[in-house]
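Lettering of chains follows the sequences in order, A, B, ..., and the numbering in each one begins at 1. All values below were derived from every heavy atom in this structure, side-chain atoms included, with hydrogens, water molecules and symmetry-related copies excluded.
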2 protein chains.
Amino acid sequence: MISRQAKYALRALIALSRITPGSAAQTSDIATTEKIPKKFLEQILLRLKNQGMVQSRRGNRGGYALLKPASEITFAQVLRTIDGPIAPLPCLSIIAYARCEDCKDEFTCEIRKVFARVIEPTRQVLERTTIADAAAGRAIDLESLPQMA
Amino acid sequence: MISRQAKYALRALIALSRITPGSAAQTSDIATTEKIPKKFLEQILLRLKNQGMVQSRRGNRGGYALLKPASEITFAQVLRTIDGPIAPLPCLSIIAYARCEDCKDEFTCEIRKVFARVIEPTRQVLERTTIADAAAGRAIDLESLPQMA
DNA sequence: ACTAATTCTATAAAGCCAGTAGAGATTATC
DNA sequence: GATAATCTCTACTGGCTTTATAGAATTAGT
């Protein structure tokens, strides 16, 4: 399960990608239209700002706007910023690799092998899907449907 | 990230799958060989017992044994028992479906679409891989390697 | 019946997550 | 400059999860 914060962050970024370039959206507007608790959303946007994904203008008529094109913000980036590693095991993480202290040999660990297979397609989707894709409704890739049968 | 409990549960089940049929393994033995805190392992085995995956014999010379063949215990079953839903969003869960209260329309939700694509291959691996596969080192399926390139 | 071994039950400590509260800083507008 | 709107920052709370511990209940063997 991804955290609620991560889901809110994705929704907020999609909302920001839809405002006219040059303008800014305010926390309270996003909170209302996306049904996100306002004070909670403030914290989330702040984290996104500190990560360099969005920029802000303070004061009256301030607000938030994307700092990068929506097509360059991937789901993986957002999830890693908010929830931390995407990998199911520390020994499979890219951004926070850690050896399992209780594991005899990482390269023969059968549990690791199984989850290595699990995480690989997940990463492919999350690294390739951007906020722009989601905003445009391009989330489903028809080429991938056949394997679902 | 899966919980430590889930990883320990998988390792314990693999260990149990390796003892001679009819006999039982004791918590302390598994704890030692698998480097799992003993008292913590007791709770995990108890949960697996209440789920009907293993059976126990109490008292002196007691212990645990698998209740079902290792080839019929999937990774997905274990993860659901210990960690709960595998799905990244409540609205994509099989065992604990819940509508997102803050979601306008589930079937057009772009975030849901992306994660639907993410969870599908994950489920395929976890539902098809069994404790017996892991114990035998059959965790990697060679047919799946080409798509990793 | 006693003892040692073992599972089982209940509870505790620490940390994480979701959400709330409020004071302070910055800006546009009048 | 005063005011109102907005972002920024810190702290806090309640509930849940994770990890772990202490002790009660049960059993085999003598």
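Ring pair A:F75/B:F115 is tilted by interplanar angle, where 30° to 60° counts as tilted.
Between B:D102 and A:R4, none of the side-chain N atoms (NZ, or NE/NH1/NH2) sits under 4.0 Å from a carboxylate O, so this pair counts as no salt bridge. Remark: B:R112 engages B:E106 in a salt bridge, criterion side-chain N to carboxylate O under 4.0 Å. At a threshold of 4.0 Å, the pair B:E127-B:R80 counts as salt-bridged, since one of the basic side-chain nitrogens sits closer than that to a carboxylate oxygen.
With rounding to whole Å, A:M1 atom CE is found 16 Å from C:dA18 atom C1'. Between A:N60 atom CG and D:dT3 atom C1' the separation is 9 Å, expressed in whole Å. At whole-Å resolution of the value, OH in A:Y64 and P in C:dT27 are 14 Å apart. What separates CG of B:D83 from P of C:dC16 is a distance of 17 Å, to the nearest Å. Spacing between atom CD of B:Q55 and atom C1' of D:dT26 amounts to 17 Å, rounded to whole angstrom units. The nearest whole Å value for the distance from the CZ atom in B:R61 to the P atom in D:dT27 is 16 Å. A:R58 places its CZ atom 10 Å from the P atom of D:dC7, with the value rounded to the nearest Å. As rounded to whole Å, 15 Å separates atom C1' of C:dG19 from atom CD1 of A:I82.
Between B:S56 and C:dC8, a side-chain N or O to OP1/OP2 separation shorter than 4.0 Å is present. Phosphate contact (OP1/OP2 of D:dT6, side-chain N/O of A:Q26, threshold under 4.0 Å): present. Within the 4.0 Å cut-off from OP1 or OP2 of C:dT27, not a single side-chain nitrogen or oxygen of A:R57 is found.
For the atom pair NZ (B:K68) and CD (B:Q77), the distance works out to 4.0 Å, reported to the nearest 0.5 Å. A:L16 contributes atom CG, which lies 11.5 Å from atom CG of A:L67 (distance to the nearest 0.5 angstrom).
A side-chain donor-acceptor contact under 3.5 Å links B:T130 and B:D133.
Near-neighbour residues of DNA chain C inside residues 27-49 of chain A, defined by a heavy atom below 4.0 Å, number-ordered: A:P37, A:K39, A:F40, A:Q43.
Residue contacts shown for B:Y8 are absent, as no nucleic acid heavy atom lies under 4.0 Å away.
In terms of position along DNA chain C, the nucleotide closest to B:G63 lies nearer the 5' end than the nucleotide closest to the other residue of the pair A:S3 and B:G63. Nearest-nucleotide mapping onto DNA chain D: of A:G59 and A:N50, the residue sitting toward the 5' end is A:G59.
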